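Each ligand, and each atom within it, is numbered from 1 in the order the structure gives. None of these values were measured; they are calculated from a predicted model. All values below come from the heavy atoms of this structure, side chains included, with hydrogens, waters and symmetry mates left out.
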Amino acid sequence: MSTTPRIGDSISRTDGVLKVTGNAPYAAEHFPPGLLYGWIVSSGIAKGRIKSIDDSRARAIAGVVEIITHKNRPHMAFLDGSYGDDVAPPGSPFRPFHDDKIAYSLQPVALVVADTLENARDAAALLDVTYEAEEHNTDFGIALADKYEPKKTRDTFEKPKPRGNAKQAFADSPVQHHATYHSGNHHHNPMEMHGTTVEWNDGKIVVHDKTQGAQNVQAYLSGIFGFSKKDVRVMNPYVGGAFGSGLRPQYQVVLATMAAKLLERSVRVTMTRAQMWSHVHRPEAEQEVSLGADQNGQLQAIINKATTATSKFEDYMEVIVNWGLMNYKCENAEGEYTLASVDTYTPGDMRAPGAATGMNLFEIAVDELAYATNVDPLQLRLLNYSEKDAMHDKPFTSKALREAFAEGAEKFGWSRRTQAPGSMREGTDLIGWGVATGMWDAMFQKTAARATITADGKLEVASATADIGTGTYTVMTQVAGDVLGLPLADITAKLGDSDLPAAPVEGGSWAAASTGAAVELACKSLADELYKYAGKVEGKPLEGAKRDEIAFVDGFIVVRANPFKRVSIKDAVAASGKDKLEVEETAKPGILDMASQLQKSRNTHSAIFVEVKVDEELRIVRVTRVVCAVAAGRIINPKTARSQILGGVVMGIGMALHEETYTDHKLGRFMNHSLAEYHIPVNADIENIEVIFVDEPDAEVTPLGVKGLGEIGIVGTAAAVANAIYHATGTRVRSLPVTVDKLL
Ligand code: MOS
């Protein structure tokens, strides 16, 4: 018998074997009978209209079934509103193949559908499209001249409340640091590209889609194509990474469904790797930071302003400047947000949206203040440490950042650091040690889960949430095991199916806390049922034992005080006279939670320490050591939790050193659209990363005390690397990534 998985156990991912053996089918790995293949033809211009499409050469290719464009597509919703989704920002969502207008480079203009992928691709190359181009602008620097404050924002956006008089206090500060920072466009590039297989079954469809939210896509497709929701089932049980790129439905799911509906056939459409740059991305950003302090480094004023890029059709705005304002004790502080629109697709959420940009850039400014006042950068952070959320003037449900600094510094050996840039070296390498703070939200979203136990004692827990590589299956399994005391082999977690109990998109680092809470509730209800039927088992072994006097251990319902008095779970199910017991519960913030939310802030924090070695002459940077100490409440699974932080830290190193999408403004196109040219860290770039979870009990933040870990790892990491580079070289780079050219 396998052991019971419990909360706190470092068990391996329950879907791990399926994944590494290639037995977990992704969206584009389903083969319904008669499957057709679609190839997306992308716009050659960045703005204007399609003048003509001549498909005669393309149609001559054997195997071509149809070529779909705005002219012959099936009926689809007309109004913008029908194309909204749970995550959409205000504006007019992009409507694929709606008309002849082109709003961004690589916008899909046609779908060639054929019997094989190769035939579809061949035909696509022969499609003759002509355009009438209009003048476009993809240059954020130019767009900045017309920056604006959007009238509407998403609910998750919050404008910062000013405190004190920041401008005056800055003017009066003996030490003033003022600088503008920049971060480039980033594209998500999960291993699995955006793909969809639509199975056509007599007017009903099963949509295998690469998405972070099956029900979000289900509602979206139903709205656009006029399907009744019950005729659209969206499935995403395995997702090969997403990082936010699958929060909103992507255009290939529309194209595949469109073709299936028009042809009444099953159809698959997958973006090419290059087309992954025709969709969502993290927006380019500029952040102007003013920090006023006294000679000792005590903050007196913070002014934090950000402008980010958005498209011409939607106002995507992320929380950039609030993090710095929340994190530091300072009586005078204010922040400001503006957008600048360019002719690209609408940017969107990418791992720690807003914080990855805003906190990383802010933490470089904080480092600059440390040198301006000649205070150790860690000491400066401790000197300005805020016990409460300084922007909202509220306590946190918990904040063990001080402990994270202490444990991280100890592990890293920070006390051996010398302050002067270039003062530490090893042969031809300059050594730099940098530190930064990370911060993210600890969110809890309404989520439902079902728990079913069958007569053979097998438990299934199910929710329409997703596992985008984060470990949701494993978390669900552990929470269920913890409540019902069943062995691992008897527990199955099910997710990634719009037919399952309602769940939001998996994002915002809320899935472990929210799905976990739902599974716990459902399993507790099921435990109540089992207890009830256990009382009916012959011989009544539990006689007299109240509900709170029993425990669920190794497949048995036992009396705590006398474990010999027990009933097996199988016998309890049998005593019900049914073949299974099933309950569904919804976890959501209650009245008390909501009152507490008004009074307290909920956040994760981290302290990141980085060592870089920079070749003195070649200026090549290696990140040789990272210690990331995270305060994220209760850790359900230290092993999968560590993996989340490792991934985030690697992405943070990429943000610091490698990652940027470059645009040819003449063509209005993202140019480095391949993994050969869009640089992300590879194994050779990653050396020693240590992850510490500091003890942070928090009974209030979410029902399980869990805060979430998917995003915090990237926040602060890029800053710590940039700060370490300054410490090594004395060259301050205010524009990420810090590429070699900027250091020469
Ligand atoms: Mo995350 S950017 O909410 O997938």
Side-chain angles (χ1 to χ4, degrees), residues 85-89 154-158 183 185-194 209-217 236 238-250 276 279-283 285 308 310 316-320 323 345-360 438-447 464-472 475 495-496 503-515 602-604 632 643-645 647-652 654-655 659 680 702 706-715 717-718:
D85 69 273
D86 291 350
V87 197
R154 286 194 298 189
D155 295 346
T156 45
F157 180 80
E158 189 196 0
S183 169
N185 287 306
H186 297 159
H187 280 79
H188 304 66
N189 279 294
M191 293 253 280
E192 182 198 16
M193 294 168 288
H194 297 324
D209 188 35
K210 188 237 173 64
T211 174
Q212 291 172 245
Q215 290 172 333
N216 189 31
V217 171
N236 60 332
Y238 303 105
V239 180
F243 312 114
S245 65
L247 288 170
R248 300 184 71 184
Q250 314 101 352
M276 294 294 285
H279 193 249
V280 66
H281 55 279
R282 191 198 297 285
T308 45
T310 189
Y316 171 77
M317 182 121 113
E318 37 187 50
V319 176
I320 302 257
W323 309 101
Y345 188 78
T346 308
D349 301 312
M350 179 166 163
R351 206 170 200 169
T357 305
M359 190 68 175
N360 275 317
M439 189 175 184
W440 186 245
D441 293 312
M443 292 186 269
F444 173 39
Q445 301 280 345
K446 181 177 168 184
T447 303
T465 186
D467 187 335
I468 60 173
T470 42
T472 318
V475 163
L495 53 75
V505 293
E506 191 201 21
S509 298
W510 62 58
S514 311
T515 315
R602 289 137 201 272
N603 291 87
T604 48
S643 296
Q644 282 303 297
I645 300 301
V649 166
V650 169
M651 221 160 162
M655 186 177 175
E659 207 168 331
I680 54 171
T702 61
V706 167
K707 285 187 171 182
L709 287 160
E711 300 176 277
I712 185 75
I714 191 175
V715 188
T717 298

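- Heavy-atom minimum distance, Ile320 versus Thr308: CD1-CG2, 3.6 Å.
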Which N/O atoms of ligand 1 sit under 3.5 Å from a protein N/O, and at what distances?
unit_1	atom_1	unit_2	atom_2	d
ligand 1	3 (O)	Gly508	N	2.6
ligand 1	4 (O)	Gln212	NE2	2.7
ligand 1	4 (O)	Gly244	N	3.1

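- Nearest heavy-atom pair, Asp85 versus Pro249, reported as atom, atom and distance to 0.1 Å: CG-CD, 3.5 Å.
- When only modelled atom types and interatomic distance are considered, Ser514 and Gln445 share no side-chain donor-acceptor pair under 3.5 Å.
- Scanning both residues, Ser245 and Pro190, for their nearest heavy atoms gives OG-CG, 3.8 Å.
- Under the side-chain contact (heavy atoms from CB on, under 4.5 Å) test applied with Pro89, the options Thr346, Thr156, Asp349 reduce to a single match, Thr346.
- Trp323 and Trp440 have parallel rings, their planes meeting at less than 30° on a 0 to 90° scale where 60° marks the start of perpendicular.
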